[in-house]
Amino acid sequence: MGSHHSDRRQFLTESAALASLAAVGAVQSVSAQTPQADARLKDPLAYGQPSRFDNTVRKSLGNATPINDTALTTPLQDLDGIITPSGLHFLMDHINGIPEIDPKEHRLLVHGMVDRPLTFTMDEIKRFPSVSKVYFLECNANSRPLRGPNGDSVQLVHGRTSCSEWTGVLLSVLLKECGVQRDAQWIIAEGNEANKYTMSIPLVKSMDDILVAYAQNGEPVRPQNGYPLRLVVPGWEAIRSVKWLSRIAVVDTPAMSWHEAGNNADTRPDGKALGFRFELGPKSIITRPSGGQRLPGRGFYEITGLAWTGAGLVTKVEVSVDGGKTYKDAQLQEPVHRFAHTRFRFAWEWNGDEVVLQSRCTDEKGEVQPTIAEAAKILGVTPDYFLQADHFNGIQPWRINRDGSIQNALF
Amino acid sequence: MTIVLGVCATALAQGPTYRFGTAPSQDEIKARDTAISPAGRELPPGRGGVKEGATVYAQKCLACHGPDGTGTKLHRGLIPLGNSKPVKIPGSLVPYATTVWDFINRAMPSTKPGSLTPDEVYAVTAYVLFLNDVIEESTVLDAKTLPEVKMPNRDNFLAVEIDWKPGQRRPLGNYP
């Protein structure tokens with residue numbers, strides 16, 4: 001895995017750590033952070049806020065989820081570029097309140113099928129070589145087709161995905177430090193909130209590219225997003241990216257925990273259920289113009305949106321302004337990051353006629369985002385099947401009416 | 001410095017490279033290692049039956065879940081999978097009874113998660129499984145009998161396989 005640090009920085013860090021090893025035999029923990037007062041300064045100039053005229057905020061999915069669940073969606077239609085501001089990151093929590101964790105008290109325990117079980121303080125975790133990556137997260141239930149007024153909002157239909165620059169240590173570094181034993185096949189990651197949320201993840205992914213992140217968009221991860229420590233599992237359904245991470249057990253069988261079995265298992269049309277689904281398919285969404293908006297009149301518009309894929313790199317996004325009869329390549333915002341939202345733009349002139357706009361994503365594995373009809377044909381179901389399916393990555397059509405109003409044209 | 005780098009290359013291949021962290025005591029690991037696997041090896045001593053479970057339920061669960069679990073769909077029955085229009089409700093999608101025990105143990109009651117004794121968890125698990133016609137009213141659950149309970153839809157779960165490999169192309173139909 002590459003990092004944003006230069007080789008020289010890495011060299012200095014490792015050399016320094018090893019030099020002190022040689023000198024004293026054991027490394028003492030030192031604070032890696034600027035000393036700070038007990039509480040955050042209340043002066044509004046100490047931490048800037050958006051304009052009072054701006055109303056770019058998350059929206060609740062309302063009663064779509066049971067009691068105690070948090071379901072807040074990112075306002076994709078109001079954002080530009082590829083980074084989601086941390087305060088607008090989607091939340092989909094099956095918990096009772098956001099935990100307040102003092103990083104001085106926080107410990108990450110790694111145990112199970114390892115040669116050397118270890119507990120790490122936050123200061124120790126921050127001493128490991130760091131990696132910064134721009135990664136998207138997406139809830140497995142995102143983009144479930146909605147009908148009615150909610151279906152006309154890109155935020156409510158597709159807003160359970162966000163993209164941040166995450167900084168942390170590779171999970172593989174921590175696991176190697178503990179010495180994973182030969183027969184281990186899974187890890188169980190556990191959060192330190194009241195419910196102690198648990199998730200199983202195959203070891204092969206854990207040794208690949210998973211981040212144990214303590215920073216998001218340059219500052220400490222926000223409490224709602226997992227402060228002080230969380231997993232970020234690139235390209236996989238976000239229920240695997242355990243927040244408030246405090247324990248990793250290396251094991252030979254998955255936990256089959258409630259949130260990976262009962263609550264999130266996928267049913268299939270053949271009557272079988274899948275306990276485990278990981279990678280997300282290629283997806284793209286036009287965020288402007290989109291459902292619920294209104295074009296003020298004919299003339300030039302920039303069609304823009306986001307594309308992403310669990311495969312890694314988005315290689316192409318095409319836009320259709322005739323309901324999918326013909327497609328033309330959109331321009332991708334450079335650089336394109338693997339496992340990140342990719343911004344696309346497409347110049348368009350509206351002549352005032354009724355039209356249907358939609359986009360289609362192709363990824364580095366050559367996989368192409370399907371229409372809902374194509375997806376239904378692959379699975380041998382009717383399109384209604386996707387009303388309760390997860391991991392839906394079908395093409396999203398928006399109809400522009402003659403009066404400029406915009407509607408969801410999926411069904 | 002060259003010598004130090006040589007040590008580094010060896011250490012990276014062998015294991016502890018940075019030597020951060022401290023070894024936890026066995027007691028600390030035991031206290032924090034609460035997850036119950038499908039085989040139930042980690043289940044604590046204790047036991048509970050349907051009748052005791054109903055009592056605990058009335059005291060600690062009823063306020064949210066309603067009488068007999070009707071309040072938040074705990075008592076919807078376990079709708080069979082294995083047909084062309086499987087109904088997605090949480091209870092039906094539990095492949096192992098240990099999953100129910102583990103979740104009640106760690107997350108319930110939501111006002112005070114983790115506060116139930118092992119006996120209470122066994123009992124409430126028995127009551128919920130009885131409400132859903134999974135076990136008889138006379139069944140008593142403990143570390144031995146709980147993993148033996150076969151959830152109705154167990155055989156409709158595809159075998160748990162680690163079929164993901166970095167860079168591997170997904171099979172057609174793997175999503176959506």
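Throughout, protein chains are lettered first and strands after them, A, B, ... in sequence-line order, and every chain is numbered starting at 1.
Contact check for A/Tyr197 versus B/Arg106: no side-chain heavy atoms found under the 4.5 Å cut-off.
For chain B, the nearby parts of A/Thr119 are the backbone and the side chain; heavy atoms of each come within less than 4.5 Å. When heavy atoms are compared at a cutoff of 4.5 Å, A/Val180 does not approach chain B at all. Residue contact with chain B, scored on non-hydrogen atoms closer than 4.5 Å, is absent for A/Asn192. Heavy atoms closer than 4.5 Å to chain B are found nowhere in A/Ser143, neither backbone nor side chain. For chain B, the nearby part of A/Glu190 is the side chain; its heavy atoms alone come within less than 4.5 Å.
Closest non-hydrogen pair, B/Pro113 versus A/Ala194, comes out as CB-O, 3.4 Å. In this structure, B/Pro38 and A/Ala255 approach most closely via the heavy-atom pair CD-O, 3.9 Å. In terms of heavy-atom proximity, B/Tyr18 sits nearest to A/Glu177 at N-OE2, 2.8 Å. Residues B/Asp155 and A/Lys272 come closest through the heavy atom pair O-NZ, 3.6 Å. In plain terms, the two heavy atoms of A/Leu118 and B/Ala23 that are nearest each other are CD2-N, 4.0 Å. Residues A/Pro117 and B/Pro24 approach most closely at O-CD, 3.1 Å, considering heavy atoms.
Note that the OG1 atom of B/Thr22 and the CD atom of A/Glu124 stand 6.0 Å from one another [nearest 0.5 Å]. In this structure, NZ on A/Lys196 lies 7.0 Å from OG1 on B/Thr34, to the nearest 0.5 angstrom. With values rounded to the nearest 0.5 angstrom, A/Thr198 atom OG1 is found 5.5 Å from B/Asp102 atom CG. One finds the CZ atom of A/Arg107 at 9.0 Å from the CD atom of B/Glu28 (value rounded to the nearest 0.5 Å).
Judged by distance alone, with hydrogens and angles left aside, the side-chain atoms of B/Thr99 form a donor-acceptor pair with the main-chain N or O of A/Met256 at under 3.5 Å.
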What do the steps show when you test A/Trp258 against B/Ile104 for side-chain contact (heavy atoms from CB on, under 4.5 Å), and what is the final call?
-> CA-CA 9 Å; A/Trp258 178 256; B/Ile104 292 172; over 6 Å; no
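Of the listed residues (A/Arg247, A/Lys283, A/His111), the one with the most heavy-atom contacts under 4.5 Å to chain B is A/Arg247.
The aromatic rings of A/Phe128 and B/Phe20 sit perpendicular, their planes meeting at an angle over 60°, well past the 30° parallel limit.
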